[in-house]
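Okay, structure first, notes after.
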Amino acid sequence: QVQLVESGGGLVQAGGSLRLSCAASGRTFSLTAVGWFRQAPGKEREFVGTIGWSDGDSYYADFVKGRFTISRDNAKNMAYLQMNSLKPEDTAVYYCAADYQFRSARDRKLPTGYDYWGQGTQVTVSS
């Protein structure tokens, strides 16, 4: 199993930047992907982006393209979500998630496409 811990959330003004980190521990060598999701109050958890653990291929939700970037450092067992040009509507709890299975790109955009989750980190963007 893998354990995930997010960090780096906080309060930022609109237009600002934050970098979230996801520390993975346990059986990380056979992970296939790490994804980022977010959930605002009263809303469903939504896909932000995902990255292949071994090949580093990434793709994103349309609403974050050009603003957010996902990266990973396999040697450190870390994944990152760099968020730039933040907007108030980006306010949410952000979660990282990981998986050992090979799944379709479609499945990777769903919460059910990941078996392991962190506890989340709050991001608040003020206007």
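FYI, the numbering just counts along the sequence from 1. The structure presented is a predicted model; accordingly, all values stated were derived computationally and were not measured.
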*Using salt bridge (charged side-chain N to carboxylate O under 4.0 Å, His left out) as the criterion, list what pairs up with R67, not counting sequence neighbours.*
D90
*Each residue besides Y114 in its hydrophobic cluster should be listed here, by chain and number; the cluster joins Ile, Leu, Val, Met, Phe, Trp and Tyr at side-chain heavy-atom distances under 4.5 Å.*
F37, F47, Y59, V93, Y95, W117
*In terms of hydrophobic clusters joined by side-chain contacts under 4.5 Å, are V5 and V123 together?*
no
*Working to the nearest 0.5 Å, report the span between CZ of R108 and OG of S58.*
13.5 Å
*Euclidean distance, T124 OG1 relative to L11 CG, rounded to 0.5 Å*: 6.0 Å
*asked:* Using 0.5 Å steps for rounding, measure from the CD1 atom of I51 to the CD1 atom of I70.
replied: 6.5 Å
_So, taking the atom named OG1 in T50 and the one named CZ in R103, what distance separates them when rounded to the nearest 0.5 Å?_
11.0 Å
*Are the side chains of Q1 and Q3 in touch, meaning some heavy atoms are under 4.5 Å apart?*
yes
*Provide the closest heavy-atom pair for T121 versus G9 in the form atom of the first, atom of the second, distance.*
OG1-N, 3.2 Å
*Close side-chain approach of E6 to Q119, heavy-atom, < 4.5 Å*: yes
_L110 reachable from W36 in the ILVMFWY side-chain graph, under 4.5 Å edges_ = no
*Would you indicate whether the side-chain heavy atoms of D107 and T112 approach each other to under 4.5 Å?*
no
*Is Q13 reaching over with its side chain to a backbone N or O of S126, donor-acceptor style, under 3.5 angstrom?*
no
*Answer yes or no: is there a side-chain heavy-atom contact under 4.5 Å between W53 and V34?*
yes
*Does Y100 reach the main-chain N or O of D115 with its side chain, forming a donor-acceptor pair under 3.5 Å?*
no
Side chains of residues 81-89: which donor-acceptor partners sit under 3.5 Å, not counting sequence neighbours?
| residue | atom | partner | partner atom | Å |
| --- | --- | --- | --- | --- |
| Q82 | NE2 | N84 | OD1 | 2.9 |
| N84 | OD1 | S17 | OG | 2.9 |

*Could you pull out the closest heavy-atom pair between Y60 and F68, with the gap in Å?*
CE2-O, 3.6 Å
*Side chains of T91 and Q122: closer than 4.5 Å at any heavy-atom pair?*
yes
_Which atom of L4 lies closest to which atom of A24, heavy atoms considered_ = CD2-CB, 3.8 Å
*Between Y80 and L20, is any pair of side-chain heavy atoms under 4.5 Å apart?*
no
*So how far is it from Q39 CD to E44 CD, rounded to the nearest 0.5 Å?*
8.5 Å
*Which heavy atom of A92 sits nearest a heavy atom of R38, and at what distance?*
CB-CB, 3.8 Å
